[in-house]
Enquirer: 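What follows is a structure written as structure tokens; I'll ask about it next.
Just so it is clear, the structure is predicted and the values come from calculations on it, not from any experiment.
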Amino acid sequence: MDDGWHRLAMLLTLMVGVWEGPIAIIFRAFTDKGPNALVAANYLPAPWCYATAVAAGAVAFAVIAVLETSRKHAMKETT
């Protein structure tokens, strides 16, 4: 995978992580919209939806860290 694909994967992971993490919490806490497929954590009852949203954000940032390490390793091998 070259640099562009790593960056695209990181960007997509960031978008999903932010959407399923903080955005899901904002939708749950500050709006009266019901849950939908885009904020799947909001289908859970009150304390678990927040824990799931935080976990989704944490997993996304862990995946981004792995992708960045992988990208740096790949770039080191090509030079």
Enquirer: Any side-chain heavy-atom pair from I25 and N42 closer than 4.5 angstrom?
Expert: no
Enquirer: Go through the steps for L38 and F27 under the test side chain to side chain contact (heavy atoms under 4.5 Å, CB included), then give the verdict.
Expert: CA-CA 11 Å; L38 295 177; F27 271 113; over 6 Å; no
Enquirer: Output all residues satisfying side-chain contact (heavy atoms from CB on, under 4.5 Å) with V63, sequence neighbours left out; order by chain, then residue number.
Expert: T13, V59, L67
Enquirer: Is it the case that one hydrophobic cluster holds both L44 and I26, taking links as side-chain heavy atoms less than 4.5 Å apart, direct or via other members?
Expert: no
Enquirer: Are side-chain heavy atoms of Y43 and W48 found at a separation under 4.5 Å?
Expert: no
Enquirer: Can you check whether V66's main-chain N or O pairs, donor with acceptor, with S70's side chain at less than 3.5 Å?
Expert: no
Enquirer: How far apart are the closest heavy atoms of A41 and A53, and which atoms are they?
Expert: CB-N, 4.2 Å
Enquirer: Quick one: which residue pairs count as a salt bridge (charged side-chain N to carboxylate O under 4.0 Å, His left out) with a foot in residues 7-22, not counting sequence neighbours?
Expert: D3-R7
Enquirer: Show the nearest heavy-atom pair for residues G17 and P22, with the distance to one decimal.
Expert: O-CD, 3.8 Å
Enquirer: Passes side chain to side chain contact (heavy atoms under 4.5 Å, CB included), M75 versus K72? Steps please.
Expert: CA-CA 5 Å; M75 293 304 290; K72 285 181 181 177; 5.7 Å; no
Enquirer: Are L14 and V39 connected in a single hydrophobic cluster, I mean Ile/Leu/Val/Met/Phe/Trp/Tyr linked by side-chain heavy atoms less than 4.5 Å apart?
Expert: yes
Enquirer: Which salt bridge (charged side-chain N to carboxylate O under 4.0 Å, His left out) pairs, counting each pair once, include a residue from residues 22-33, with sequence neighbours left out?
Expert: none
Enquirer: I'd like to check V18 versus I23 (side-chain heavy atoms, cut-off strictly below 4.5 Å). Are they in contact?
Expert: yes
